[in-house]
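One structure below.
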Amino acid sequence: MRTPQLGIHVDPGTPPGRKVPEITTSPLMNGEKSKLWDQIGGQSSLASPMRREIGNRSMTRSFSADEIDLEDLKTSKDKDRPSGSLRLPKIQNHSLLSGLAYCIASCSMILVNKFVLSGYGFNAGISLMVYQNIVSVIIVSTLSLSGVIPTEPLTWKLIKVWLPVNIIFVGMLITSMFSLKYINVAMLTILKNVANVLTASGETYFFKKQHDRQVWISLTLMIISAIAGGITDLSFNAVGYTWQIINCVLTASYSLTLRHVMDSAKEATRSGNLNELSMVLLNNVLSLPLGVILVLGFNEVEYLLETPLLRMPMFWLVITASGVLGLAISFTSMWFLRQTSATTYSLVGSLNKIPLSISGILLFKVHTSMQNSISILFGLLAGVFFARAKLRGNSQS
């Protein structure tokens, strides 16, 4: 639910989980979601690594989101935010608590999705995405109707403007699910960096945005680490890598398209503003009918009727938790941004991929070589270097 980093800086390592204006990298969907909010949550273009995945589902989830110019985004958000917008906790000395909550939510989203798809062997990734989105819609709608949070009414005018973005959003979440099933978490976080490269190139080509030398150096290092990681990956799976390449293209497309559509979407609302939670609700509501069509098209109904997993209460508890975690990425991202600076948020998002990668290797007993481990570490450090370079460029401009 971010919508799915999710500005957000579209990592894995956020496929609901999984979460705005100018975006750049990718949280893994609800893994993405995580990635997505990292991509959308900051609302800008290439500044924070995590999130795509927002995001989600923060819009993402992981979504799993991943990189957005948080400095620019935070400024514009402060100007546009109406007086009745969500007021998240602003407690003195609670920056550590909000940061810890954000890290736990984004890492947990990806790990839980991996457990469902690989641990349980659940072969209906689209159905999982639909269920996670339903959980997010129910929670956000309940909070909105009770007056706890403000959301914009979903009008036909707004839906027509947002629908093209939502189609890409759904594709991003689904491909994140498919790739996460076949690729280990550590390699997934590295491969998602390719989305940063595509987004930066797209910004330069379509929007004539100039990036300094350090940004391009860090992006080059990301490409080298991704190639080296793939070559040395002992569990290399061509199907998983193909889905992840498609996911990177969709993630970059989502970031670039969202940036273009945001102004039109605001004009289509009654208040003239579209906050993060409204985007989370909008993305997840619109994804449901499309998701149902894809479930039927990929013939997942037959599998759902036959699998014994749906008769296990514990399985339902786990997938429900994954939906809640996708939404949690959205809330903790906003809370963390309000407790700290955009710079801190970006760097934490990049550094967060390090414990995520280690956890993924240990929890799922991934067989790896020294060469592959070095490639993964190289890619993680390149992500941190990328975040620092982008933030330095933003501050200078």
Requested in this report: Sequence neighbours left out, what passes side-chain contact (heavy atoms from CB on, under 4.5 Å) with S141? Give chain and number order.
Outcome: V137, L281
Side-chain donor-acceptor distances from residues 218-234 under 3.5 Å, at least two apart:
residue, atom, partner, partner atom, Å
S218, OG, Q214, O, 3.3
S218, OG, V215, O, 2.6
T220, OG1, W216, O, 2.8
S225, OG, L221, O, 3.3
S225, OG, M222, O, 2.8
T232, OG1, A228, O, 2.8
T232, OG1, G229, O, 3.4
T232, OG1, N372, ND2, 3.1
D233, OD1, S235, N, 3.0
D233, OD1, S235, OG, 3.0
D233, OD2, Y241, OH, 2.8

Query raised in the report: So, T175 versus Q244: side-chain donor-acceptor pair below 3.5 Å or not?
Result: no
Report summary line: Here the ring-ring contact (aromatic ring centres under 6.0 Å, His included) pairs for residues 181-207, sequence neighbours left out, are none
Requested in this report: Find the distance between CG (L288) and OH (Y131) and round it off to the nearest 0.5 Å.
Outcome: 13.0 Å
**Report entry** Heavy-atom donor-acceptor pair, K114 side chain to L180 backbone, under 3.5 Å
**Finding:** yes
Report task. Return yes if some donor-acceptor pair links the side-chain N/O of W162 with the main-chain N/O of L282 below 3.5 Å, else return no. Result -> no
Query raised in the report: Quick one: do L381 and L191 end up in the same hydrophobic cluster if we chain Ile, Leu, Val, Met, Phe, Trp and Tyr together by side-chain heavy atoms under 4.5 Å apart?
Result: no
Report task. Spell out, as yes or no, whether a donor-acceptor pair under 3.5 Å connects the side chain of N166 to the backbone of F169. Result -> no
Query raised in the report: So do L296 and V301 actually touch side chain to side chain, heavy atoms under 4.5 Å?
Result: yes
Query - pair F122-I319: side-chain heavy atoms closer than 4.5 Å - result: no
Report task. Indicate the ring-plane relationship of F115 and Y120, choosing parallel, tilted or perpendicular according to the 30° and 60° boundaries. Result -> perpendicular
Query - Between Q132 and N284: side-chain donor-acceptor atoms closer than 3.5 Å - result: no
